[in-house]
Structures are given as structure tokens and as C-alpha cells.
Amino acid sequence: MTETRAGSRVVLITGAGSGIGRVTAREFAARGDQVIVTDIDEAGARETAEGQPLCTVRLLDVRDGKQIRDLVAWVVERYGRLDVLINNAMVCTDQDFGQLADATLTAELDVNLGGALRMIQAVLPTMQAQHSGVILNMSSVNGVQYFGNEVYSAAKAGLINLTQSIAVRHGPDGIRCNAVAPGTIATPHWDERAAADPQVFERLAKWYPLGRVGRPEDVSAALLFLASDAAAWITGVTLPVDGGLLAGNRVMTNEIIGGSD
Ligand SMILES: NC(=O)c1ccc[n+]([C@@H]2O[C@H](COP(=O)([O-])OP(=O)(O)OC[C@H]3O[C@@H](n4cnc5c(N)ncnc54)[C@H](O)[C@@H]3O)[C@@H](O)[C@H]2O)c1
């Protein structure tokens, strides 16, 4: 077993080889946490961990229950505990729902919702034995309102419900479970779209009461807070990290109030 420093937590993040997961892994490591950087893309995970002595890379496909159970057993064997799980891995196709092949539909549900279900199943016994633990699910504004991407959105809505289930059932075990619902965040996920449509973020920024799209750091800050003792009495919630979008879309409200930005 490897000793961890006082105040340092053992944090496992899925899909941490890119975007929000990468920034989040580095932010947790920066506060002294031991971070297990996992992804199906090993090269991406290695890049996340480069120059980060507190980051350890493990290849992980969240569709594979055995890989997940083996990884969690490895973490517990090596560090003796698991304090924070962040379910962040995702896939999202821009193909039209009506034309979506069954295999694509199934894969999207399997990664985005199935992955979180399997990860939570695997970490619960350890967190119950510790009588502590924090589980954070990466939902989306798509899980709350319609913004396109039907299958992705259904999975993200499922994560909100799952967050409540785990919070209520396992609160008495000392486990907290919360979700975040980001709006548009400029990450590599958007690269293809932004290459085809260079003005996309500028246009989408007009929807947002705070006048810009989000950065990965906006989301990692919320995750750091929800994982911390400052959130000790917060569980079962989904925190929008969305520049105010779920409160109101500025393009729509300008139509009604006659304003312009
Ligand atoms: N970027 C946004 O606009 C936005 C908005 C709302 C919510 N989110 C959520 O934030 C999270 C991170 O998004 P991002 O924009 O950083 O995405 P990203 O595409 O940059 O990163 C996703 C990561 O998941 C990994 N992944 C894919 N399939 C996997 C699998 N089977 N097993 C393990 N890892 C797998 C990818 O390799 C990649 O590294 C996602 O849950 C996403 O739904 C993003």
C-alpha cells in the first residue's frame, strides 16, 4: 500500500485524457490529491499526467465491468482507500436521432449512463467500508432541457436521477453524491464543429446571461467545491455550471423584453 499525505484524497476520474476531465485531474492534483487519471485513450491520459507527480495513469473503458472492478481493486490495494469518484467519460454523436444506428444508440447510452452505473457499483463497497466518499456525476444542461442530441441527453437526464438515488440510499453510509450540469464548454469535443463553423462559440455566447461560453476551469472549480468539506451537507443536487443558461436563454428573452445584447 502507498501512503497518501495528510489531507490528500484518492480521486478517480474517468475520461480524464481530454477536456474537462484533464483540467479537473490537474486541479485536484494541484491541491495535493492523488489522482488516478483513466481513459480509453491512453495517450490522452498520459498527456494529462505529464509533469504531474500526483497523477497516475490507468487505461479504462467504462463499458467494461471487469476492467472497472479490477481497477478499483488495484486502487484500494495500492492506496488503501478511494475518496472521490468523478464520472466524466462520454461520447456524443451529432448524427440525427432519426437516422441513428442501433449500435451507436446503444454505445452512447452504455458509455454515458452505463459507465457511471458500473463505476458506482464498483466503488460503493469501498466507500461503505470507509463510511465516507464523494461521487460526482457529469450531467449537462442537456439533461434538464432540450438542446439536441436525444440519446446523449436522455443519458444525462438519467445521471440526475441516479445522483438522487445514490444520495438518498447511501447518505446513511457517509457517502455524498452530486452532479454538475455544464452548459457549452470549449473543449476538444467541440473541435470538429468549431473547425466547420468558426463563429459557433461567439453565436452560442449570446444565449448566456454571463455573455460567454464556459471553460473547463469553470466546471473543475464546481467539482472541487462539491468534493470538499465545504459541501459536507450537500447531497443529491445537480448544480448548473452554465453561465445562467437554465435560468433563461438571452436570445429568447430578448425576443420577449425587446432587448438586445
Ligand atoms: N464540452 C461541453 O460543452 C460539455 C457540456 C456539458 C457537459 N459536458 C460533459 O463533460 C464531460 C467531459 O466532456 P469534454 O467536453 O471534456 O469531452 P472530451 O470529448 O474532451 O473528453 C471525453 C473523454 O472521454 C473519453 N472516453 C470516451 N469513451 C470512453 C470510454 N468508453 N471509457 C473511458 N473513457 C472514454 C474520451 O477518450 C475523452 O478523453 C462529459 O461527461 C460531457 O458530457 C461537456
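Because only heavy atoms are used, hydrogens play no part in the values below, and waters and symmetry mates are left out as well, while side chains stay in. Ligands are counted one by one from 1 in listed order, and the atoms in each one are counted from 1 as well.
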Quick check: [X] and ligand 1, any N/O pair under 3.5 Å apart?
| X | result |
| --- | --- |
| V111 | no |
| Y152 | yes |
| N88 | yes |
| I185 | yes |
| S139 | no |

[X] with [Y]: basic N within carboxylate O range, under 4.0 Å:
| X | Y | value |
| --- | --- | --- |
| R69 | D64 | no |
| E42 | R58 | no |
| D83 | R81 | yes |
| D229 | R176 | no |
| R9 | D33 | yes |

- Message: Looking at G17, is its backbone amide N or carbonyl O close enough to the side chain of D41 to form a donor-acceptor pair, meaning the two atoms are under 3.5 Å apart?
- Response: no
Atoms in ligand 1 flagged as close to [X], the criterion being non-hydrogen separation under 4.0 Å:
| X | result |
| --- | --- |
| D41 | 37 (O) |
| A89 | 24 (O), 33 (C), 34 (N), 35 (C) |
| D61 | 30 (C), 31 (N), 32 (N) |
| S140 | 6 (C), 7 (C) |
| W190 | 1 (N), 2 (C), 3 (O) |
| G19 | 16 (O), 20 (O) |
| V91 | 27 (C), 28 (N) |
| R63 | 31 (N) |

Protein contact to [atom] [nearest heavy atom, distance to 0.1 Å]:
| atom | answer |
| --- | --- |
| atom 37 (O) of ligand 1 | D39 OD1, 2.6 Å |
| atom 19 (O) of ligand 1 | H189 CB, 3.6 Å |
| atom 20 (O) of ligand 1 | S18 OG, 2.6 Å |
| atom 23 (C) of ligand 1 | G15 O, 3.6 Å |
| atom 10 (O) of ligand 1 | M138 CG, 3.2 Å |
| atom 22 (C) of ligand 1 | M90 O, 4.0 Å |
| atom 14 (P) of ligand 1 | T187 OG1, 3.6 Å |
| atom 6 (C) of ligand 1 | P182 O, 3.3 Å |

- Query: Using 30° and 60° as the class limits, which term best fits the ring planes of F147 and W207: parallel, tilted or perpendicular?
  - Reply: parallel
In terms of side-chain heavy atoms, does [X] have a donor or acceptor partner in [Y] at a distance below 3.5 Å?
| X | Y | answer |
| --- | --- | --- |
| Q67 | D61 | no |
| T14 | N88 | no |
| Y79 | S8 | no |
| T184 | Y208 | yes |

- Task: Measure the distances from the heavy atoms of G183 to every atom of ligand 1 and state whether one is below 4.0 angstrom.
- Result: yes
- So, does T14 sit close enough to ligand 1 that a heavy atom of it is under 4.0 Å from the ligand? no
- Item | Closest to atom 35 (C) of ligand 1 among I20, L60, T184, I40 (heavy-atom distance) | I40
- Item | Within-4.5 Å side-chain heavy-atom neighbours: V141 and P182 | no
- Task: State, with a plain yes or no, whether a side-chain heavy atom of L60 is found less than 4.5 Å away from one of I40.
- Result: no
- Query: Step by step, would you call I20 with S220 a side chain to side chain contact (heavy atoms under 4.5 Å, CB included)?
  - Reply: CA-CA 7 Å; I20 297 169; S220 61; 5.7 Å; no
- Note on the structure: Under 4.0 Å between heavy atoms, the region of V62 that gets near ligand 1 turns out to be both
- Task: Please state which part of K156 comes within less than 4.0 Å of ligand 1, counting heavy atoms only: side chain, backbone, both or neither.
- Result: side chain
- Run the side chain to side chain contact (heavy atoms under 4.5 Å, CB included) check on T24 and I13 step by step: do they pass? CA-CA 8 Å; T24 301; I13 310 181; 3.9 Å; yes
